[in-house]
Asks: 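Dropping a structure here in structure tokens format, bear with me for questions.
Treat the numbers as computed from the prediction; the structure is a model and nothing was measured. Each residue takes its place number in the sequence, starting with 1.
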Amino acid sequence: MAAGSVMAQGQEPIRPIQAAKVTAPAKVELGKKLFFDPRLSKSGSISCNSCHNLSMGGSDNLKTSIGDKWQKGPINSPTVLNSSGNIAQFWDGRAKDLKEQAGGPIANPGEMAFTHELAVDMLRSIPQYVSEFKKVFGNDKLTIDEVTAAIAAFEETLVTPNSRFDKWLKGDHKALKSQELAGYKLFKASGCVGCHNGPNLGGNSYQKMGVVEAFKTTNTAEGRSAITGKDADRFNFKVPTLRNVELTYPYFHDGSANTLGEAVDTMGRLQLGRKFTDTENTEIVAFLKTLTGDQPKLTLPALPPSSDKTKRPHPFE
């Protein structure tokens, strides 16, 4: 890379995302099995991958996710890809890290609808899981703490480097077409980069949804105020990452924007007080599509079989 390219990269408000470094492969492999195991839900049909589908950009492409007994979820499912780079987890930041987040859906009656105790009992009834947990953690505890630690270890590997934009940042000036580069320049000049910056192009701050114009929605989520109790935090949400945003439609916490063009138009008006022209909108969308990186290449895990002692799921009760 030429010195000029290094200097240019250093002046940009966005940094290339780095590939994940796996230091505990056995722990990651265990976490992968748990991520795909639907037996961690009451119905035996919902896994972490159900709402964070790794074949679909780490999301489910639904306005709101489907929970136990086809319950309608309260909020759009954020992507799990690159989530380890976020300031916190969930739209309102109520989980400080991936480990804390992993335990939430399991025990949420509107999601996987299990309990931590029942989930652990299920895993303890499966000899292969017992053996793997002992190998990974060096003890016979097998508590929800080990379960969420393993899932988090796997999720930390779900990083998507080598997007065309990253290649441009690293000095490959042919990586972006003129329209895409024009979109990036507009993205910066318009102020989008004020919130969508850093390696994740977001995920590192909380911002109010509806700064210049009020955001109108039927969704009841209140954002950070539900956690802090402060009215000033109402409608403050974690800024979503724009990595792989082409894949993670629909957009916003209520899933109200079906397309990138619609999302760009809405954000321009509500957050920046700017109405993008059709050409400008097209340019920004073209830039956003350069943020799709290498998707996780996984071999689906063969899950350990249940034993005779494993309680069978009750999807209709």
Side-chain angles (χ1 to χ4, degrees), residues 1-23 28 52-59 61 78-87 155-205 239-249 251 259-261 263-265 267-268 272 274 276-299:
M1 187 187 302
S5 298
V6 175
M7 183 178 295
Q9 178 185 320
Q11 294 170 348
E12 297 297 339
I14 300 167
R15 295 287 182 272
I17 202 162
Q18 302 299 317
K21 295 181 179 179
V22 177
T23 57
V28 169
H52 302 286
N53 195 318
L54 299 183
S55 297
M56 302 166 69
S59 63
N61 295 146
T79 178
V80 71
L81 300 183
N82 307 302
S83 56
S84 58
N86 292 338
I87 189 174
E155 291 177 337
E156 287 168 1
T157 70
L158 303 177
V159 177
T160 61
N162 300 321
S163 69
R164 285 198 293 119
F165 181 64
D166 282 341
K167 292 176 181 177
W168 180 85
L169 285 173
K170 292 179 178 180
D172 181 357
H173 299 300
K174 295 182 180 180
L176 296 188
K177 300 175 183 177
S178 58
Q179 183 188 53
E180 296 161 348
L181 187 56
Y184 176 49
K185 291 179 178 178
L186 187 57
F187 183 85
K188 291 191 292 182
S190 302
C192 307
V193 79
C195 297
H196 294 285
N197 52 54
N200 253 6
L201 289 94
N204 53 5
S205 68
V239 176
T241 173
L242 294 183
R243 292 280 178 184
N244 309 292
V245 69
E246 177 185 13
L247 308 176
T248 58
Y249 53 87
Y251 306 104
T259 67
L260 270 178
V264 168
D265 177 74
M267 293 301 285
L272 305 172
R274 176 165 179 166
F276 292 116
T277 66
D278 290 345
T279 297
E280 290 173 330
N281 188 298
T282 299
E283 289 173 343
I284 293 177
V285 168
F287 158 65
L288 294 175
K289 290 183 178 181
T290 72
L291 301 175
T292 302
D294 293 343
Q295 299 300 291
K297 293 179 173 59
L298 306 171
T299 299

Asks: Would you call Lys188 and Glu12 a salt bridge, using N to O less than 4.0 angstrom?
Replies: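 Answer for the salt bridge query: yes.
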Asks: Return the minimal non-hydrogen interatomic distance between Ser205 and Cys195, and the atom names on each side.
Replies: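 Result for this residue pair: OG-O, 4.4 Å.
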Asks: Looking at Asn162 and Gly293, would you say the former's side chain and the latter's main chain have a donor-acceptor pair under 3.5 Å?
Replies: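 No; zero donor-acceptor contacts below 3.5 Å.
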Asks: State, yes or no, whether a side-chain contact exists between Val264 and Leu288 at a heavy-atom distance under 4.5 Å.
Replies: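 The answer is yes, as the side chains (C-beta and beyond) meet within the 4.5 Å cut-off.
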Asks: Taking the side chain as every heavy atom from C-beta outward, state whether Val80 and Leu54 have any atom pair closer than 4.5 Å.
Replies: yes
Asks: Angle between ring planes, Phe187 versus His196, binned at 30° and 60°: parallel, tilted or perpendicular?
Replies: tilted
Asks: Nearest 0.5 angstrom please: Tyr184 OH to Leu291 CG, how far?
Replies: 10.0 Å
Asks: Asn197 side chain to Val193 main-chain N or O, any donor-acceptor pair under 3.5 Å?
Replies: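 The answer is yes, because a donor-acceptor pair under 3.5 Å joins these two groups.
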Asks: Under 3.5 Å, side chain of Asn61 to main-chain N/O of Leu247, donor-acceptor pair present?
Replies: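 It does hold such a pair.
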Asks: Among Asp166, Asn200, Thr79, Thr248, which residue meets the side chain to side chain donor-acceptor pair (under 3.5 Å) test with Arg243?
Replies: Asp166
Asks: Would you compute the distance between atom CG of Leu186 and atom CZ of Phe276 and round it to the nearest 0.5 angstrom?
Replies: 5.5 Å
Asks: Please give me the minimum heavy-atom distance between Gln179 and Ala286, naming the atom from each residue.
Replies: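 Closest pair (atom of Gln179, atom of Ala286, distance): OE1-CB, 3.6 Å.
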Asks: Can you measure from CZ (Arg274) to SG (Cys192) and round to the nearest 0.5 angstrom?
Replies: 8.5 Å
Asks: Looking at OG1 of Thr279 and CD1 of Ile284, how far apart are the two atoms once the value is rounded to the nearest 0.5 Å?
Replies: 11.5 Å
Asks: Counting C-beta onward and ignoring hydrogens, is there a side-chain heavy-atom pair between Asp294 and Thr160 closer than 4.5 Å?
Replies: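 They are not in side-chain contact.
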Asks: Between His52 and Glu155, is any pair of side-chain heavy atoms under 4.5 Å apart?
Replies: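 They are not in contact (no side-chain heavy atoms under 4.5 Å apart), so the answer is no.
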Asks: Between CG of Leu81 and OG1 of Thr292, what distance do you get to the nearest 0.5 Å?
Replies: 10.0 Å
Asks: For residues Tyr251 and Leu260, determine if any side-chain heavy atom of one lies less than 4.5 Å from a side-chain heavy atom of the other.
Replies: yes
Asks: Parallel, tilted or perpendicular: which describes the rings of Phe165 and Trp168, with under 30° parallel and over 60° perpendicular?
Replies: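 Ring orientation, 0 to 90° scale: parallel.
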Asks: For the CG atom of Leu242 and the NZ atom of Lys289, what is their distance to the nearest 0.5 Å?
Replies: 14.5 Å
